[in-house]
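Every value quoted in this text rests on a predicted model; they were computed, and no experiment measured them.
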Amino acid sequence: MAKELDGYNFEQRHGKSRVRVARVWQSKDGRHSMVEWNINISLLSDCLASYVRDDNSDIVATDTMKNTVYAKAKECSKELSVEEFAILLGKHFTLYYPQVTSAIIKIVERPWERVHIDGQPHNHGFKLGSEKHTTEAIVQKSGVLQLTSGIEGLALLKTTKSGFEGFIRDKYTALPETRERMVATEVTALWRYPYESISSIPQKPLFNERYLDVKKVLMDTFFGPPKEGVYSPSVQSTLFHMEKAVLSRFSDISGIQLQMPNIHFLPVNLSSKENGTIVKFEDDVYLPTDEPHGSIQAKLTRFWSKM
């Protein structure tokens with residue numbers, strides 16, 4: 001909230017960025033689980049004196065914030081989701097420090113995945129995957145909560161069943177219409193949970209399961225059935241159907257936003273005066289390029305959602 005200061009509106013926050021922590025849990029049967037998180041902390045607090053009177057007595061040092069991450073990770077004796085850890089940190093900062101009114105905790109989870117050897121899950125072996133699980137928890141001292149989860153870097157591609165035609169054509173248009181093209185994108189997804197306070201969260205939340213569920217619905221809608229697929233008349237159309245499928249499937253999600261840049265695979269045709277046709281494109285040879293690329297994004301929410 002802005003404060004009036006010498007005839008101006010003044011807003012401030014401070015925090016610690018890129019705090020990296022890994023946590024390993026060991027079960028009684030010798031099976032290990034692990035996570036790696038990259039954490040950004042931002043505190044809204046009553047520390048105006050540090051800006052205008054050289055008085056730091058109300059400042060929570062950012063080094064203290066960093067140390068708190070490791071201390072709280074140590075205290076988590078049972079495996080928990082990235083959402084639960086974000087809420088835990090936000091709750092700590094707002095309750096432990098009288099000056100702090102709100103905490104914004106953003107976390108990106110690195111996608112370490114358990115390996116399988118000879119068809120069996122390894123007890124303590126992991127490999128790095130691709131897409132990342134993200135979350136943002138905004139926690140107020142009163143217990144009011146805004147919780148968003150997401151996916152970063154979900155790369156999807158179809159070699160057929162996509163087209164783009166009927167768009168505006170004018171003197172600047174060079175793009176040919178087509179009903180047959182390759183389509184590829186790297187999905188960034190954000191979805192909002194309906195919980196409005198820490199106390200309204202279920203006792204055993206299934207955030208990790210919901211993350212996997214949402215990812216599956218997004219992919220199933222993008223690709224369609226395994227044999228025949230589904231035709232995409234545009235990235236815009238596919239994006240909308242992906243969002244609608246998520247909201248139709250999960251009542252505990254109040255809104256979803258997708259960003260789907262159009263990663264291009266350009267047909268290759270090569271010829272020269274001396275040799276004539278060198279390469280004739282027959283839906284087979286492409287030039288992959290992501291610069292420049294189309295940028296498509298949209299948000300779909302329930303009427304009552306605050307996303």
Side-chain angles (χ1 to χ4, degrees), residues 17-23 33-40 79-86 105-116 121-122 125-137 147-159 162 182-193 205-224 226 229-230 232 235-236 238-247 249-250 252-253 255-265 288-291 293-300 307:
S17 297
R18 302 183 68 179
V19 182
R20 295 177 60 184
V21 60
R23 180 62 159 96
S33 299
M34 69 87 61
V35 293
E36 180 184 342
W37 292 325
N38 193 324
I39 302 171
N40 289 332
E79 189 174 353
L80 76 169
S81 68
V82 64
E83 288 88 355
E84 290 171 290
F85 193 67
I105 312 296
K106 298 181 181 181
I107 308 181
V108 177
E109 180 171 312
R110 207 166 188 213
W112 290 106
E113 302 171 350
R114 189 177 303 278
V115 299
H116 289 69
H122 202 284
F126 300 84
K127 68 177 181 67
L128 191 61
S130 53
E131 61 272 7
K132 299 175 182 178
H133 184 173
T134 68
T135 196
E136 179 185 79
L147 182 63
T148 305
S149 293
I151 303 170
E152 287 184 357
L154 179 60
L156 305 176
L157 179 150
K158 295 197 302 185
T159 54
S162 177
M182 186 182 295
V183 63
T185 188
E186 187 171 289
V187 179
T188 299
L190 294 172
W191 58 90
R192 174 80 178 267
Y193 288 103
L206 302 175
F207 292 123
N208 283 337
E209 290 81 356
R210 182 61 74 242
Y211 168 79
L212 295 174
D213 290 342
V214 170
K215 183 166 66 170
K216 183 179 187 304
V217 168
L218 292 174
M219 293 174 62
D220 288 352
T221 309
F222 180 88
F223 292 116
V230 62
S232 169
V235 174
Q236 286 86 342
T238 298
L239 181 154
F240 172 73
H241 284 95
M242 291 165 69
E243 291 184 329
K244 188 176 180 182
V246 169
L247 292 189
R249 178 76 179 275
F250 307 115
D252 61 348
I253 293 178
I256 182 169
Q257 176 177 305
L258 295 181
Q259 295 181 32
M260 293 174 56
N262 199 343
I263 300 173
H264 299 292
F265 284 75
T289 178
D290 57 6
E291 294 181 356
H293 63 74
S295 180
I296 299 96
Q297 67 180 56
K299 178 168 64 174
L300 187 68
M307 185 177 187

Can any side-chain N or O of [X] pair as donor or acceptor with the backbone N or O of [Y] at less than 3.5 Å?
| X | Y | value |
| --- | --- | --- |
| Glu243 | Leu258 | yes |
| Thr135 | Thr148 | yes |
| Arg114 | His122 | yes |
| Thr185 | Pro261 | yes |

Enter the distance from [X]:[atom1] to [Y]:[atom2] here, rounded to the nearest 0.5 Å.
| X | Y | atom1 | atom2 | answer |
| --- | --- | --- | --- | --- |
| Trp112 | Lys127 | CH2 | NZ | 10.0 Å |
| Leu157 | Glu186 | CG | CD | 12.0 Å |
| His241 | Lys244 | NE2 | NZ | 6.5 Å |
| Glu131 | Ile151 | CD | CD1 | 7.0 Å |
| Leu128 | Arg110 | CG | CZ | 5.0 Å |
| Asn208 | Glu83 | CG | CD | 6.5 Å |

Practice task
I would like to know whether Met219 and Leu154 meet side chain to side chain contact (heavy atoms under 4.5 Å, CB included); could you show each step before the answer?
Solution key: CA-CA 9 Å; Met219 293 174 62; Leu154 179 60; 4.3 Å; yes
Determine the minimum heavy-atom distance between [X] and [Y], stating which atoms define it.
| X | Y | answer |
| --- | --- | --- |
| Ala86 | Ala137 | CB-CB, 3.9 Å |
| Ser232 | Thr238 | OG-OG1, 2.6 Å |
| Met242 | Leu218 | CE-O, 3.6 Å |
| Thr221 | Ala245 | OG1-CB, 3.5 Å |
| Ser33 | Phe126 | CA-CZ, 4.2 Å |
| Phe265 | Ala184 | CE1-CB, 3.7 Å |

Handout entry: Residues Arg18, Asn40; criterion side chain to side chain contact (heavy atoms under 4.5 Å, CB included); working and verdict
Key = CA-CA 6 Å; Arg18 302 183 68 179; Asn40 289 332; 4.3 Å; yes
Below 4.5 Å, heavy atoms only, C-beta onward: do [X] and [Y] meet side chain to side chain?
| X | Y | answer |
| --- | --- | --- |
| Arg23 | Phe85 | no |
| Leu156 | Phe223 | yes |
| Lys158 | Val230 | yes |
| Phe250 | Tyr193 | no |
| Val82 | Tyr211 | no |

Exercise for the section: Would you indicate whether Lys132, at its atom NZ, is surrounded by more than 12 heavy atoms from other residues, nucleotides or ligands within a distance under 6.0 Å? Expected result: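 Open.
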Problem - Stepwise side chain to side chain contact (heavy atoms under 4.5 Å, CB included) test for Val214 and Arg210 - result: CA-CA 6 Å; Val214 170; Arg210 182 61 74 242; 4.0 Å; yes
Exercise for the section: Evaluate side chain to side chain contact (heavy atoms under 4.5 Å, CB included) for Phe222 paired with Val183, printing each intermediate quantity in order. Expected result: CA-CA 10 Å; Phe222 180 88; Val183 63; 4.3 Å; yes
